2 protein chains.
Amino acid sequence: MPDDAAEAAKRPHISDATLRGLVGYNMKRAFMAVSADLARTLAPFDLRMLTFTALTLVADNPGLSQSQLAQAMTVERPNLVVIVDELETRGLITRDRVPTDRRTYALRITVEGARLLAGAARAVGAHENLMMGGLAKAEEAALISTLNRIEASGKGRS
Amino acid sequence: MPDDAAEAAKRPHISDATLRGLVGYNMKRAFMAVSADLARTLAPFDLRMLTFTALTLVADNPGLSQSQLAQAMTVERPNLVVIVDELETRGLITRDRVPTDRRTYALRITVEGARLLAGAARAVGAHENLMMGGLAKAEEAALISTLNRIEASGKGRS
DNA sequence: TATTGTTATACTCTATAACTATA
DNA sequence: TATAGTTATAGAGTATAACAATA
């Protein structure tokens, strides 16, 4: 009985059957696979998931403030500062003072930022097609809908 | 037209419609909600997702080595060391030398570890029920199956 | 008083290189 | 030479407290 080590050493597959019953475990593994591939996809554009997300939200919501962007991204304000700093330093977005409320900055994408984003968005689209290639359209829609329901469940308990 | 900031400031909702079309974005948001709730669930047991996962795998695969555990968890060996150290220091698992291969350790859960894990697993089950409460059984099974397919897509591209 | 943006700081998770002891 | 475990280290991502400027 204490010789289970010899068995385990030979055993090629470790059983994670217990954990496979938990949605969270499967979600973590799938998310890590997707985010690793996304990182590879964005690397040529010198973007990460967070900077790509921020750039997209700024493009779609011109003039929004850092607080609004932080809330949309579910990121604490202090953490967003470095992200916005990086995008501004690279000339991808602008940070303009707002006359009506001089505490806030209005974020807008630049022409160069829009050009970079267009290419990155195409690459991300291809990445999504490859990662989700095995899924039917309806299946993908069901997945997104289910994920959103789970996200909402979490919000109610925070 | 440069006055979009005034509009954006008043706009209560920032649009993330573009990103909502990406599975990866929805997965990150759902995963963060789940893992935050899981962290709260495990805190009373002084466990985190990684230590809970490791403890479960050791319980289900007595005698396995650290390399096998690391591979099962998709964690690099150096990062697993501190996890195993913590569990061993707390008396939740044992780390025994294997006579047939003195390089490896055989990991086994202790009685105390099994007792803690039993309570933690019950709490995690309750957490899962709450987070996935809105899903039908079939829907949950479909979700897990889809997540596994996505995980496999990623493996093929690493 | 409350809010925006900021600084400083710390903790967790992840990744790589290089070492040791065994095989 | 190859593998198991280890050390050291670095880089992301996330979280909180506290501050200055502005409302």
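Note that the structure is a prediction, hence the values are computed from the model and not measured. Just so we're on the same page: letters track the sequence lines, and every chain starts at 1.
In this structure, L69(B) CG and Q71(B) CD are separated by 10.5 Å, a value rounded to the nearest 0.5 Å. T51(B) contributes atom OG1, which lies 12.0 Å from atom CZ of F45(B) (distance to the nearest 0.5 angstrom).
Exactly one residue among V84(A), L87(A), T53(A), L107(A) makes a side-chain contact (heavy atoms from CB on, under 4.5 Å) with V58(A). That residue is L107(A).
With sequence neighbours left out, the salt bridge (Lys or Arg N to Asp or Glu O under 4.0 Å) criterion links E151(B) to R20(A), R29(A), K155(B).
Residue-to-nucleotide proximity on DNA chain C shows that, of Y105(A) and N79(A), the 5′-proximal contact is made by Y105(A).
Distances shorter than 4.0 Å separate some side-chain N or O of R48(B) from OP1 or OP2 on dC13(C). In terms of phosphate contacts, Q66(A) brings a side-chain nitrogen or oxygen within less than 4.0 Å of OP1 or OP2 of dT6(C). The side chain of R95(B) contributes an N or O atom lying less than 4.0 Å from OP1 or OP2 of dT6(D). Residue S67(B) places none of its side-chain N or O atoms closer than 4.0 Å to OP1 or OP2 of dT3(D). Within the 4.0 Å cut-off from OP1 or OP2 of dT14(D), not a single side-chain nitrogen or oxygen of R77(A) is found.
Proximity of a side-chain donor or acceptor of E128(A) to a complementary backbone N or O of V23(B) within less than 3.5 Å is detected.
E76(A) places its CD atom 15 Å from the P atom of dT6(C), with the value rounded to the nearest Å. The CD-P distance, from Q68(B) to dA4(D), rounds to 9 Å in whole Å. We find that CD of Q71(B) is positioned 15 Å from P of dA15(C), with the value rounded to whole Å. Rounded to whole Å, atom P of dG5(C) lies 9 Å from atom CG of L80(A). The nearest whole Å value for the distance from the CZ atom in R29(B) to the C1' atom in dG13(D) is 16 Å. Rounded to whole Å, atom C1' of dT7(C) lies 11 Å from atom CG of D85(A). If you take CG of D46(A) and C1' of dG11(D), they are 15 Å apart, rounded to a whole angstrom. M49(B) places its CE atom 15 Å from the C1' atom of dC11(C), with the value rounded to the nearest Å.
At the heavy-atom level, L50(B) lies under 4.0 Å from the strands shown only through sugar-phosphate atoms. In this structure, M73(B) reaches neither bases nor backbone, as no heavy-atom distance under 4.0 Å exists between it and the strands shown.
Salt bridge present: E139(B) and R149(A) bring a charged side-chain N and a carboxylate O closer than 4.0 Å.
Heavy atoms from other residues, nucleotides or ligands lying under 6.0 Å from CZ of R102(B) number 12 at most.
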Listed pairs, N/O of protein and of nucleotides 20-23 of chain C, under 3.5 Å:
| residue | atom | partner | partner atom | Å |
| --- | --- | --- | --- | --- |
| dA23(C) | OP1 | R102(B) | N | 2.9 |

